[in-house]
Protein chains: 2
Amino acid sequence: MKAQSHTRSISRSLPIALLRARETVMAPVRDMLQGIQMTEQKWRVLRVLDEFGEVEQSTIAKEACLLLPSLTRILRTMESEGQVTRRQDSHDKRRTMVRITGEGHRIFEENRLVSHEIYANIEEQMGRHKLDRLLDLLEELRSVKF
Amino acid sequence: MKAQSHTRSISRSLPIALLRARETVMAPVRDMLQGIQMTEQKWRVLRVLDEFGEVEQSTIAKEACLLLPSLTRILRTMESEGQVTRRQDSHDKRRTMVRITGEGHRIFEENRLVSHEIYANIEEQMGRHKLDRLLDLLEELRSVKF
DNA sequence: TATTGTTATACTCTATAACTATA
DNA sequence: TATAGTTATAGAGTATAACAATA
């Protein structure tokens, strides 16, 4: 017997639907990342740096959905692996500016094709319109005030 | 200068858009969970149990997006906290059947109102149609084959 | 005083392999 | 042989507070 409840079915729970959808999309990305010994978080950092050029850490944290203490550790590792460089900002010495290196860029370029193929695959099966609509709705959801 | 790349803008990256949207929705839920000393994962388990009644662990793992080894540990804690009970299935003795207790149900009921308000809030700001559409698209995304 | 970032700490989840018991 | 679940272990992220340096 099903529990008597007015709770929305779990498949219509927004947090869970978002989590499951992400698991689906990330599965092939994770296979790729495993092959190059990179975590999801590092990959997000590379992606932000590739797009933004040189940025301060707070921006990376916000864009890549990471907390600053996590980012500190992640960037330390990535710096030791030669994927990023860091320098103190000359105007505001509190700021650390981070930049992707040639090696970091090479890793990103060699593997973003995989992301692209995954995206193309989804577009082919769902249609470009629906995918754009989904991204629009996700963006709109972020602007909801609580 | 913006990096020269044909990579889709990070705000249009599906995995990141899903992650950010989830962070937005989960923020108020996390506040609620923190007040009752419950992790997101435990909350998902409660939600599955409330909806499904007595189920085997593999089902919980699938529905709540958890790996079995994580679930083993989580259920052990929840059992010691009196939120769930476990028993061996009499027909197939490999299976462990899990059920929510009165206490677990009470915790769930006392707090799901918060989830409901969050949902109502989103519905009010985005509109019911858009929210339904979003859930439909997320569900459709899950059926994409890679 | 507020902000940027680091360090320290405790907790938790993730991921995998090896294992037990049962089918 | 395959499946359900447990245990062990390594690795990593999360969350918070306290702190240093700078604005």
Side-chain angles (χ1 to χ4, degrees), chain A residues 15-16 19-20 22-23 26-45 54-81 84-99, chain B residues 15-16 19-20 22-23 26-45 54-81 84-99:
Chain A
I16 292 180
L19 180 60
R20 286 177 176 169
R22 187 158 194 280
E23 289 302 302
M26 284 305 293
V29 179
R30 289 208 181 95
D31 291 344
M32 175 274 277
L33 292 176
Q34 188 159 333
I36 58 171
Q37 292 196 298
M38 180 155 294
T39 63
E40 279 180 49
Q41 288 77 5
K42 282 186 194 171
W43 182 250
R44 293 209 297 273
V45 170
E54 193 171 44
V55 274
E56 58 190 301
Q57 295 189 187
S58 301
T59 304
I60 302 174
K62 190 170 125 263
E63 293 294 323
C65 280
L66 291 167
L67 294 178
L68 269 177
S70 301
L71 188 60
T72 293
R73 182 180 34 68
I74 289 167
L75 286 175
R76 188 165 49 219
T77 309
M78 293 178 78
E79 190 174 32
S80 78
E81 290 169 350
V84 305
T85 53
R86 291 191 293 174
R87 66 169 184 84
Q88 195 179 43
D89 182 74
S90 50
H91 297 296
D92 183 342
K93 291 185 177 175
R94 291 173 306 183
R95 286 186 161 73
T96 306
M97 302 303 289
V98 185
R99 183 191 280 275
Chain B
I16 292 180
L19 180 60
R20 286 176 175 170
R22 188 158 193 281
E23 290 301 304
M26 284 304 292
V29 179
R30 289 208 182 96
D31 291 343
M32 175 274 279
L33 292 176
Q34 188 160 331
I36 58 171
Q37 292 196 300
M38 180 156 293
T39 63
E40 278 181 50
Q41 289 77 4
K42 282 187 193 171
W43 183 250
R44 294 208 298 272
V45 170
E54 192 171 44
V55 274
E56 58 191 299
Q57 296 190 186
S58 301
T59 305
I60 303 174
K62 190 169 126 262
E63 292 294 324
C65 281
L66 291 166
L67 294 178
L68 268 177
S70 300
L71 188 59
T72 293
R73 180 182 34 72
I74 290 166
L75 287 176
R76 190 165 47 219
T77 308
M78 293 178 78
E79 191 174 31
S80 77
E81 290 168 348
V84 305
T85 54
R86 293 190 292 175
R87 66 170 185 83
Q88 194 180 45
D89 182 76
S90 51
H91 298 297
D92 184 342
K93 292 185 175 172
R94 292 173 305 183
R95 288 185 160 74
T96 304
M97 303 303 288
V98 185
R99 182 191 283 272

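In what follows, chains carry the letters A, B, and so on, assigned in the order in which the sequence lines appear, proteins first and then strands, with residues in each chain numbered from 1.
In this entry the distance linking CG of B/Leu67 with P of D/dG11 reads 18 Å, nearest Å.
Looking at residues two or more places apart in sequence or on another chain, you find no side chain to side chain donor-acceptor pair (under 3.5 Å) involving A/Arg76. For B/Arg20, the side chain to side chain donor-acceptor pair (under 3.5 Å) criterion is met by A/Glu63, not counting sequence neighbours. Listed by chain and number, the residues in a side chain to side chain donor-acceptor pair (under 3.5 Å) with B/Glu56 are B/Arg95 (sequence neighbours excluded). Taking B/Arg94 as the reference, B/Asp92 meet the salt bridge (Lys or Arg N to Asp or Glu O under 4.0 Å) condition, with sequence neighbours excluded. For A/Arg86, the side chain to side chain donor-acceptor pair (under 3.5 Å) partners at least two apart in sequence or on another chain are A/Gln57, A/Glu79. By the side-chain contact (heavy atoms from CB on, under 4.5 Å) test, B/Arg99 is found to be paired with B/Glu54, B/Thr85, residues two or more places apart in sequence or in another chain being considered.
Within the 4.5 Å cutoff, side-chain heavy atoms of B/Val45 are placed close to those of B/Met78.
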**Study point:** Derivation and outcome, side-chain contact (heavy atoms from CB on, under 4.5 Å), residues B/Arg44 and B/Leu66
**Key:** CA-CA 9 Å; B/Arg44 294 208 298 272; B/Leu66 291 166; 3.6 Å; yes
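Here the range on DNA chain C touched by chain B, meaning any atom under 4.0 Å from one of its heavy atoms, is C/dT12 to C/dA23.
Annotation: the span from B/Arg22 atom CZ to A/Ile16 atom CD1 amounts to 8.0 Å, rounded to 0.5 Å. The structure places CG of A/Leu67 at 14.5 Å from NZ of A/Lys62, a figure rounded to the nearest 0.5 Å. Expressed to the nearest 0.5 Å, how far SG of B/Cys65 lies from CD1 of B/Ile60 amounts to 13.5 Å. Here the straight-line distance linking atom CG of B/Leu75 with atom CZ of B/Arg73 works out to 10.0 Å at 0.5 Å rounding.
For the helix from C/dT1-D/dA23 to C/dA23-D/dT1, the axis fitted to the five pairs at one end and the axis fitted to the five pairs at the other end meet at an angle of 0° (nearest 10 degrees).
If you check residues 26-44 of chain B against DNA chain D, the residues with a heavy atom closer than 4.0 Å are B/Arg30, B/Gln34, listed by number. The stretch residues 86-99 of chain B touches DNA chain C through B/His91, B/Asp92, B/Lys93, B/Arg94, each having a heavy atom under 4.0 angstrom from the strand.
With hydrogens and angles ignored, the 3.5 Å screen pairs a side-chain donor or acceptor of A/Thr72 with a backbone N or O of A/Leu68.
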Show which side-chain atoms of residues 26-39 of chain B pair as donor or acceptor with protein atoms under 3.5 Å away, not counting sequence neighbours.
from	atom 1	to	atom 2	distance (Å)
B/Arg30	NE	B/Glu40	OE2	2.7
B/Arg30	NH1	B/Glu23	OE1	3.3
B/Arg30	NH2	B/Glu23	OE2	3.4
B/Arg30	NH2	B/Glu40	OE2	2.9
B/Thr39	OG1	B/Lys42	N	3.2

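Of all non-hydrogen atoms in B/Leu19 and A/Ala64, the two that sit nearest each other are CD2-O, 4.5 Å.
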So which protein nitrogen or oxygen atoms get under 3.5 Å of nucleotides 7-9 of chain D's nitrogens or oxygens?
from	atom 1	to	atom 2	distance (Å)
D/dT7	OP2	B/Arg76	NH1	2.8

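B/Leu66 comes within contact range of the sugar-phosphate backbone alone, with a heavy-atom separation under 4.0 Å but no base atom that close.
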